[in-house]
Amino acid sequence: MKMAEILDAKAVRFAAGASSKKRLLQTLSEQAETVYDMKADEVFSALQARENLGTTGVGRGVAIPHARFETLDRIVGLFYRLEKPVNYDSLDRQPVDLIFTLLAPANDSPEHLKALAMVSRTLRSEDNCSKLRANSDPQTLYSILTELTTSKAA
């Protein structure tokens, strides 16, 4: 699996920040509606329900919110880099500024887990995170993300 298969260039954003975790999830949901023609309220409800099970803030400024949907036929992603980190109730209690959201079909467990592992590996690397944090142009961020996973897959 490659990042370019799940991440549309229009789904990559640089944002000033968010006032709260809830507001960030709402913004991500609105972006899913714009880019992937999903219903923002359904995306928000699913992401919020997943967060209620336990935080998706994995530490070191990274969050990987994810949810499953009956209406999706493939895995899609959204990536945000925030200029100003937001409190996300992360495992290490640090605010997040790199957020990769995965939205997957309800019945696609193996592929969902592969995508989650790919995103996790990519954002676990301090070098990769430094490259992402050093850029604010969405197209550059998209290129970094897709090149990182393409070079690892080769």
Side-chain angles (χ1 to χ4, degrees), residues 1-15 18 21-22 24-40 42-82 85-133 138 141-154:
M1 176 176 293
K2 295 180 182 169
M3 191 71 73
E5 295 171 9
I6 63 172
L7 186 64
D8 188 295
K10 294 184 294 275
V12 176
R13 294 287 162 114
F14 173 77
K21 177 180 178 177
K22 181 179 178 180
L24 175 62
L25 294 175
Q26 288 171 329
T27 301
L28 289 163
S29 300
E30 291 161 6
Q31 187 66 12
E33 182 172 81
T34 301
V35 177
Y36 298 116
D37 201 29
M38 298 178 73
K39 294 184 178 177
E42 290 176 11
V43 175
F44 176 74
S45 292
L47 291 174
Q48 192 67 49
R50 172 56 189 85
E51 288 300 318
N52 290 340
L53 297 175
T55 186
T56 58
V58 296
R60 293 182 8 261
V62 174
I64 309 174
H66 51 281
R68 296 173 182 262
F69 300 87
E70 295 291 337
T71 55
L72 276 178
D73 60 357
R74 68 184 184 95
I75 298 169
V76 296
L78 302 153
F79 178 80
Y80 270 52
R81 179 170 99 64
L82 301 177
V86 65
N87 179 11
Y88 200 87
D89 303 319
S90 295
L91 296 173
D92 65 357
R93 296 183 173 30
Q94 297 301 309
V96 303
D97 62 343
L98 300 177
I99 302 96
F100 198 111
T101 305
L102 280 173
L103 310 174
N107 60 353
D108 196 7
S109 278
E111 291 303 306
H112 177 237
L113 293 176
K114 286 179 191 175
L116 199 53
M118 175 186 62
V119 170
S120 179
R121 272 191 313 273
T122 301
L123 297 178
R124 190 178 314 132
S125 162
E126 199 56 49
D127 186 49
N128 292 348
C129 290
S130 292
K131 288 178 188 175
L132 292 166
R133 288 182 173 116
L141 293 167
Y142 176 78
S143 294
I144 291 168
L145 286 165
T146 54
E147 288 169 15
L148 287 172
T149 57
T150 300
S151 64
K152 298 272 191 269

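Residue numbers start at 1 and run along the sequence shown.
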Residue pair Phe44, Lys22: steps toward the side chain to side chain contact (heavy atoms under 4.5 Å, CB included) verdict: CA-CA 9 Å; Phe44 176 74; Lys22 181 179 178 180; 3.8 Å; yes

Which residue pairs satisfy the salt bridge (Lys or Arg N to Asp or Glu O under 4.0 Å) criterion with at least one member in residues 59-75, sequence neighbours excluded? Arg60-Glu126

In Å, rounded to the nearest 0.5 Å, how long is the span from CG of Leu116 to NE2 of His66? 5.0 Å

Crowded around Asn52 CG? As in, over 12 foreign heavy atoms under 6.0 Å? yes

CD of Glu33 to NZ of Lys39: how many Å apart, nearest 0.5 Å? 9.5 Å

What heavy-atom pair brings Ala46 and Ala67 nearest, and what distance separates the two atoms? CB-CB, 3.7 Å

For the backbone of Thr55 and the side chain of Asp89, can you confirm whether one donor and one acceptor N or O come within less than 3.5 Å of each other? no

Could you check whether any side-chain heavy atom of Ile6 comes within less than 4.5 Å of a side-chain heavy atom of Leu102, counting everything from C-beta outward? yes

Val96 and Leu82: which non-hydrogen atoms are nearest, and at how many Å? O-CD1, 3.8 Å

Taking all non-hydrogen atoms of both residues, which atom of Ser120 and which atom of Ile64 are closest, and how far apart? CA-CD1, 3.9 Å

Are any non-hydrogen side-chain atoms of Pro65 and Glu51 less than 4.5 angstrom apart? yes

Report yes if the side chains of Pro105 and Ile75 come closer than 4.5 Å at any heavy-atom pair, otherwise no. yes

Apply side chain to side chain contact (heavy atoms under 4.5 Å, CB included) to the pair Phe69 and Val43, showing each step before the final yes or no. CA-CA 8 Å; Phe69 300 87; Val43 175; 4.2 Å; yes

Quick one: closest heavy-atom pair of Leu141 and Leu132, and the distance? CD2-O, 3.4 Å

Heavy-atom distance under 4.5 Å between the side chains of Arg50 and Leu47, does that happen here? no

Among pairs that include at least one residue of residues 91-110, which meet ring pair (Phe, Tyr, Trp, His ring centres under 6.0 Å), considering only residues two or more places apart or in two chains? none

From Arg81 atom CZ to Cys129 atom SG, the distance as rounded to the nearest 0.5 Å: 11.5 Å

Report yes if the side chains of Leu98 and Phe79 come closer than 4.5 Å at any heavy-atom pair, otherwise no. yes

Do Ser125 side-chain atoms and Arg121 backbone N/O form a donor-acceptor pair below 3.5 Å? no

Shortest non-hydrogen separation from Met1 to Glu111 and the atoms involved: CE-OE1, 3.1 Å

Could you report the tightest heavy-atom contact between Asn87 and Pro95, atom names first, then the distance? N-CB, 4.1 Å

Please step through side chain to side chain contact (heavy atoms under 4.5 Å, CB included) for the pair Met118 and Lys114, ending with a clear verdict. CA-CA 6 Å; Met118 175 186 62; Lys114 286 179 191 175; over 6 Å; no

Yes or no on side chain to side chain donor-acceptor pair (under 3.5 Å) for Tyr88 and Thr56, after CA distance, side-chain angles and deciding distance? CA-CA 8 Å; Tyr88 200 87; Thr56 58; 3.1 Å; yes

Working to the nearest 0.5 Å, report the span between CG of Leu53 and CD of Gln48. 11.0 Å

Indicate yes or no: at least one non-hydrogen side-chain atom of Tyr142 is less than 4.5 angstrom from one of Lys10. no

Tyr36 side chain vs Ala11 backbone, donor-acceptor pair below 3.5 Å: no

Listed once per pair and sorted, the salt bridge (Lys or Arg N to Asp or Glu O under 4.0 Å) pairs that draw on residues 91-102, sequence neighbours left out: Asp97-Arg133

